[in-house]
Amino acid sequence: MSFLPYPESSSTSQPRPSRPNIVFILADDLGYGDLSCFGATDLRTPHIDSLIGSGIRFTNFYANSSVCSPSRAALLTGRYPEQVGVPGVIRDEVQDSWGYLASSATLLPTYLRKQGYHSANIGKWHLGLESPNLPNERGFQEFYGLLEGMMDDYVVKLRHGQNFLRHNGQVIDPPGHATDVFTDAAVRYLTERKAKKDPFFLYLAYTAPHDPLQPPIAYLNRVQKRQPGIDPQRAKLVALIEHMDDNVGRVLATLRANGQLNNTLVMFTSDNGGWGPGKANNGPFRGVKGQFYEGGIRIPTGAMWPGHIEAGSESGAVLQLMDWFPTLLQVAGSSVPDGISGQSFLNLMTGQGDATMSDRPLFFVRREGQDTYKGLQIHAVRQGDWKLLQPSPFAPYELYNLRNDPKETTNVADQNKNERDVLIKLLMEHIRQGGAVPWQKPQRQ
C-alpha cells in the first residue's frame, strides 16, 4: 500500500528550533478501517493518507479503553487510566460520571513546558468540567475547545442545553461547524507560533466523527452522488470523516506555508474504535466502541517527521496510547519520570530500534453506569498472542489467541486454562493497584 508523501516545506522555510514542534491530531471514535490507508474502499481520506504515507503506519496500535475519557487520560499522563482516577467517561451529569482526574497526575504539557515548549489544546478536552481540572490548570497555556465529551449539534454546539465551549476561561460561541471551528483555531495558533523561537505542542482533538453524524450538507451530497444506494447512516459517517480529512489537510498546508513542516512531528490516531450504530468500519475485527473485542480498541495510527521517520514505513509492534507520553518526552529531550506505565517507542519509530516492544501485558478498563454495567467495570489484558476480556461485568472471561484467531471467533478459555489463569492473576494485581486511586471528586472535610 503506497501513498504520495505530503510535500515538504520549500527552501525558504524558517530556521529550525533546537527541538521539533509536535502536532498530535486525535480523532473521536474513528474506526480502524475508516481511512483509505487502512483499507476503506467507500471513503476518501487523501490528506490523512498522505500524512501517514509520509512516515510510519502502525497496524497494532491500541487505545487504553474503548471509550473517550480513559483513553485521553492515558495519552496525556502516560499511565493506565485507573492510576489517574479515570476508569470511565467523565460527564456533566454527576450521577453518570465515572472518573475524576487525580491531582497527583502530571500531564504531558507540564513536562514539555520545562523543555521550553508552548502547549495548546484545541478541540475536545473531556477530562474535567470545573476547577482544578480545566486544561489551563493542567499544563496547557492555551485552550480553545470543548470541555465536555460531545455536542448534541455540530453547528449549535450545545450539550444538554449548555455551552461547554471555552477559550481559556471565557465562554465562547463561534459560528460554523465544530470541525471547521477547531481547525480555524489551530491555523491561527500555528501562524502565531511562526514568529516565536520556542517549539510548540499542539494537541488538536477533533470531536469528529463522534455522533451526532452531522456532516456539512455539501459533503453528504458528494458521498451520495458518488455512491448511489449507500446506507444513509454510513453516508453521513463517511461524509463526516471526509470533512475532517479536508481539515487535517488545512493544518498540514498551514505547517507547510509557515515553514514549520520540516521540523514538526505530526501524529494522527483515534481515541477508541468506531461507533456501531454509526455503521463504522472497524476493519476485519469483531466489536465496536465500548467493547474490548479488537474492533473497540484497535485504532488507526500513523506519524510523519521529515528527516527522522522513513516515508512508507510500517510497524506491527503492539503499542498503546499511553506509550506516546514517554515517546514525546524523549522527542523533546526530556527524561521520563518514574511511575510511567507507557514505554517509549522513539527508536522504533525512527528506525533505530527493534521491530517489536517487550512482551509486556497491556491492560484495558471501562467503568460505566448504563444498565449493562450498573456502575461496575469491565477489563481486558493482552500479553503476546493471548488476550483475556470480559464482555460485561456479569459475564465470564473469554480467551482468544490473536495469532490464530485475530477476529476473535472462538473462545478458548476452557481449553487453555493455564494461559487463562496467568492473565487473570496479572489482571487481578492490576485491578488491586488501581483501587488505590479515587475516581470521584473528593468530599470537602
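As the structure is a computational prediction, the values presented were derived from the model and not from experiment.
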message = Working note: K387 + I297, criterion side-chain contact (heavy atoms from CB on, under 4.5 Å); need CA distance, chi angles, decisive distance, verdict.
response = CA-CA 12 Å; K387 178 181 167 189; I297 52 178; 3.9 Å; yes
message = Does E368 form a salt bridge (Lys or Arg N to Asp or Glu O under 4.0 Å) with R91? I'd like the steps, not just the answer.
response = CA-CA 11 Å; E368 189 52 84; R91 298 187 176 98; 3.0 Å; yes
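- In summary, the aromatic rings of F201 and F24 are positioned with their centroids too far apart to meet the 6.0 Å limit.
- The backbone N or O of G176 lies less than 3.5 Å from a partner atom in the side chain of K157, making a donor-acceptor pair.
- Between V437 and E82 there is no side-chain heavy-atom pair separated by less than 4.5 Å.
- Side-chain atoms of N282 come within 3.5 Å of backbone atoms of G274 as a donor-acceptor pair (strictly under, hydrogens ignored).
- Judged by distance alone, the side chains of R298 and N60 do bring a donor and an acceptor atom under 3.5 Å apart.
- Put simply, the side chain of D385 never gets that close to the backbone of N401: no donor and acceptor are under 3.5 Å apart.
- Side-chain contact between L362 and Y80: present, with at least one pair of heavy atoms (C-beta onward) separated by less than 4.5 Å.
- Note on ring orientation: taking the six-membered ring where Trp is involved, the planes of F58 and F61 are perpendicular (angle over 60°, cut-offs 30° and 60°).
- Side-chain contact between E408 and L389: present, with at least one pair of heavy atoms (C-beta onward) separated by less than 4.5 Å.
- Within 6.0 Å of NZ in K441 there are 12 or fewer heavy atoms belonging to other residues, nucleotides or ligands.
- Considering L147, V89, D28 in turn, V89 is the only one that fulfils the side-chain contact (heavy atoms from CB on, under 4.5 Å) rule with H126.
- Between W125 and F143, the ring planes are perpendicular. Angles over 60° get that label, and only those under 30° would be called parallel.
- Closest of all the heavy-atom pairs between L402 and Y62 is CD1-OH, 3.9 Å.
- In this structure, the side chain of N21 engages the main chain of F200 through a donor-acceptor pair within 3.5 Å.
- In this structure, a donor-acceptor pair under 3.5 Å is absent between the side chains of E142 and Y144.
- In the model, S131 has a side-chain atom that pairs as donor or acceptor with a side-chain atom of E137 under 3.5 Å.
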inquiry  = Could you go through H210 and C68, starting from their C-alpha distance and side-chain angles, then the distance that decides it, and tell me whether this counts as side-chain contact (heavy atoms from CB on, under 4.5 Å)?
reply    = CA-CA 10 Å; H210 194 293; C68 304; 4.3 Å; yes
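- Counting all heavy atoms, side chain and backbone alike, S341 lies closest to R79 at OG-CA, 3.6 Å.
- D49 and T45 form a side-chain donor-acceptor contact under 3.5 Å, judged by distance and modelled atom types alone.
- Interatomic distance, I22 CD1 to Y203 OH, rounded to the nearest 0.5 Å: 14.0 Å.
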T254 and N258: CA distance, side-chain angles, deciding distance, side chain to side chain donor-acceptor pair (under 3.5 Å) verdict = CA-CA 6 Å; T254 301; N258 289 347; 5.8 Å; no
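- Taking each heavy atom of V336 and Q330 in turn, the nearest pair found is CG2-CG, 4.2 Å.
- Distance check: T350 OG1 to E310 CD gives 11.0 Å after rounding to the nearest 0.5 Å.
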Pair up each side-chain donor or acceptor in residues 177-187 with any protein partner under 3.5 Å, not counting sequence neighbours, and list the distances.
{"residue": "H177", "atom": "ND1", "partner": "T179", "partner atom": "N", "Å": "3.2"}
{"residue": "H177", "atom": "NE2", "partner": "Q214", "partner atom": "O", "Å": "2.8"}
{"residue": "D180", "atom": "OD1", "partner": "H243", "partner atom": "NE2", "Å": "2.9"}
{"residue": "D180", "atom": "OD1", "partner": "N247", "partner atom": "ND2", "Å": "3.2"}
{"residue": "D180", "atom": "OD2", "partner": "H243", "partner atom": "NE2", "Å": "3.3"}
{"residue": "T183", "atom": "OG1", "partner": "T179", "partner atom": "O", "Å": "2.8"}
{"residue": "T183", "atom": "OG1", "partner": "Y206", "partner atom": "OH", "Å": "2.7"}
{"residue": "T183", "atom": "OG1", "partner": "N247", "partner atom": "OD1", "Å": "2.8"}
{"residue": "D184", "atom": "OD1", "partner": "R250", "partner atom": "NH1", "Å": "3.3"}
{"residue": "D184", "atom": "OD1", "partner": "R250", "partner atom": "NH2", "Å": "2.5"}

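- Between P361 and L423 there is no side-chain heavy-atom pair separated by less than 4.5 Å.
- Scanning all heavy atoms of the two residues, the minimum distance from K124 to N121 falls at O-ND2, 3.7 Å.
- Looking at every heavy atom in both residues, G278 comes nearest to L213 through CA-CD1, 3.7 Å.
- Two residues are said to be in side-chain contact when any heavy atoms from C-beta on lie closer than 4.5 Å; Y400 and N411 meet this criterion.
- Going from atom CD of Q260 over to atom CG of L202 covers 10.0 Å, rounded to the nearest 0.5 Å.
- In summary, D34 and R234 engage in a salt bridge, as defined by a charged side-chain N under 4.0 Å from a carboxylate O.
- Interatomic distance, Q433 CD to Q83 CD, rounded to the nearest 0.5 Å: 6.5 Å.
- In this structure, G161 and D152 approach most closely via the heavy-atom pair N-OD2, 4.5 Å.
- Atom CZ of F268 and atom SG of C37 lie 8.5 Å apart (nearest 0.5 Å).
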request  = I would like to know whether I52 and F38 meet side-chain contact (heavy atoms from CB on, under 4.5 Å); could you show each step before the answer?
outcome  = CA-CA 10 Å; I52 296 175; F38 274 80; 4.1 Å; yes
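- Within the 4.5 Å cutoff, no side-chain heavy atoms of L237 are placed close to those of W275.
- For the pair R420 and Y397, the minimum side-chain heavy-atom distance is 4.5 Å or more.
- Between the side chains of R138 and N133, at least one donor-acceptor pair of N or O atoms lies under 3.5 Å.
- By the 4.0 Å N-to-carboxylate-O rule, D198 lies too far from R19 to be salt-bridged with it.
- Separating the CD atom in E314 from the OG1 atom in T59 is a distance of 5.0 Å, to the nearest 0.5 Å.
- Taking 4.5 Å as the limit, some side-chain heavy atom of L26 sits within range of a side-chain heavy atom of T269.
- For the residue pair D246/Y219, the side-chain donor-acceptor check at 3.5 Å is satisfied.
- No side-chain donor-acceptor contact under 3.5 Å links S119 to the backbone of F140.
- Both tests do not hold together for R366 against F292: distance to the six-membered ring centre under 6.0 Å, angle to the ring axis within 45°.
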inquiry  = Would R193 and L190 count as a side-chain contact (heavy atoms from CB on, under 4.5 Å) here? Give the steps.
reply    = CA-CA 5 Å; R193 300 313 303 173; L190 294 172; 5.7 Å; no
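- No side-chain donor-acceptor contact under 3.5 Å links Q115 to the backbone of L112.
- H430 and F363 have parallel rings, their planes meeting at less than 30° on a 0 to 90° scale where 60° marks the start of perpendicular.
- Although no hydrogens or angles enter the test, the distance criterion places a donor-acceptor pair under 3.5 Å between the side chain of D271 and the main chain of D29.
- In the displayed structure, Q440 atom CD is contacted under 6.0 Å by more than 12 heavy atoms of other residues, nucleotides or ligands.
- Counting only distance, with no hydrogens or angles, the side chain of N272 and the backbone of S65 share no donor-acceptor pair below 3.5 Å.
- With hydrogens and angles ignored, the 3.5 Å screen pairs a side-chain donor or acceptor of S392 with a backbone N or O of F394.
- Between D323 and R360 there is a salt bridge, since a side-chain N of the basic residue sits under 4.0 Å from a carboxylate O of the acidic one.
- Proximity of a side-chain donor or acceptor of N281 to a complementary backbone N or O of G283 within less than 3.5 Å is detected.
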